[in-house]
Amino acid sequence: MFGIGPLELVVIAIVAVLVFGPDRLPEFARTAGRLLRQVRQMVNNAQNDLRNELGPEYADLELQDLNPKNFVRKHLLDPIEDEVKSVTADFSDTSATPQRLPAGAKPPFDPEST
């Protein structure tokens, strides 16, 4: 959860008890829970409003898709990876494996490749 381990959660809980005291800690936790619920509801409403305004073409829109890194990966890199996988599947024929040259033999040379 948020990159926080169990030991860190224990430390945070101890600090919270020391700072807020055991009397005010339940009230603070309740307020934080309400705030988190309201923020989550606002995000969901904004996402639904965005989907409704953009129309049915964007019904599968996720907010993570608006991140430039995810956008590039989804729309540019994924199709390339799919194409590479299909091309490499064509060359997976093991009957045409290259043979080693005998000792002292010169490798083939293609003057147009350099």
Side-chain angles (χ1 to χ4, degrees):
M1 176 174 77
F2 305 116
I4 299 175
L7 181 62
E8 293 156 335
L9 283 174
V10 170
V11 170
I12 290 172
I14 291 171
V15 169
V17 168
L18 292 175
V19 170
F20 298 109
D23 302 338
R24 292 182 46 207
L25 193 59
E27 177 187 335
F28 178 73
R30 205 173 5 259
T31 304
R34 260 189 244 119
L35 178 67
L36 183 63
R37 194 175 319 115
Q38 288 175 347
V39 168
R40 191 175 294 155
Q41 184 179 9
M42 286 177 13
V43 168
N44 287 337
N45 288 341
Q47 190 172 2
N48 290 335
D49 289 345
L50 186 62
R51 282 186 186 139
N52 291 337
E53 292 297 322
L54 291 175
E57 298 88 20
Y58 296 97
D60 62 343
L61 176 71
E62 295 293 327
L63 289 180
Q64 292 86 5
D65 294 342
L66 299 178
N67 182 344
K69 186 188 298 185
N70 293 341
F71 182 84
V72 168
R73 184 181 303 126
K74 181 177 180 181
H75 294 287
L76 296 179
L77 299 180
D78 284 348
I80 291 173
E81 289 175 1
D82 294 341
E83 187 175 317
V84 168
K85 286 178 185 174
S86 67
V87 169
T88 55
D90 295 340
F91 291 114
S92 65
D93 184 18
T94 57
S95 64
T97 57
Q99 301 294 323
R100 289 188 171 262
L101 291 176
K106 291 187 176 186
F109 178 73
D110 184 8
E112 294 179 8
S113 67
T114 56

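The shown structure was predicted, so the numbers you read here are calculated from the model rather than taken from an experiment. Note that the numbering runs from 1 along the sequence shown for the chain. Scope of the values below: all heavy atoms of this structure, side chains included, with no hydrogens, waters or symmetry mates.
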Do I14 and F28 belong together in a cluster built from hydrophobic side chains that touch within less than 4.5 Å?
no

Would you say L9 ends up clustered with V11 if hydrophobic residues are merged whenever their side chains have heavy atoms under 4.5 Å apart, either directly or through other cluster members?
no

Distance, nearest 0.5 Å, that separates CD1 of I12 from CG of L7:
10.0 Å

Which heavy atom of A16 sits nearest a heavy atom of L25, and at what distance?
CB-CD1, 3.9 Å

Please enumerate all residues that pass side chain to side chain donor-acceptor pair (under 3.5 Å) together with Q47, with sequence neighbours excluded.
E62

Grouping I, L, V, M, F, W and Y whenever their side-chain heavy atoms are under 4.5 Å apart, do V15 and V17 come out in a common cluster?
yes

According to salt bridge (charged side-chain N to carboxylate O under 4.0 Å, His left out), who are the partners of R24, at least two apart in sequence or on a separate chain?
none

For a quick test of your reading: what N or O donor-acceptor pairs under 3.5 Å do the side chains of residues 29-44 make, sequence neighbours left out?
unit_1: T31; atom_1: OG1; unit_2: E27; atom_2: O; d: 2.9
unit_1: N44; atom_1: ND2; unit_2: R40; atom_2: O; d: 3.4

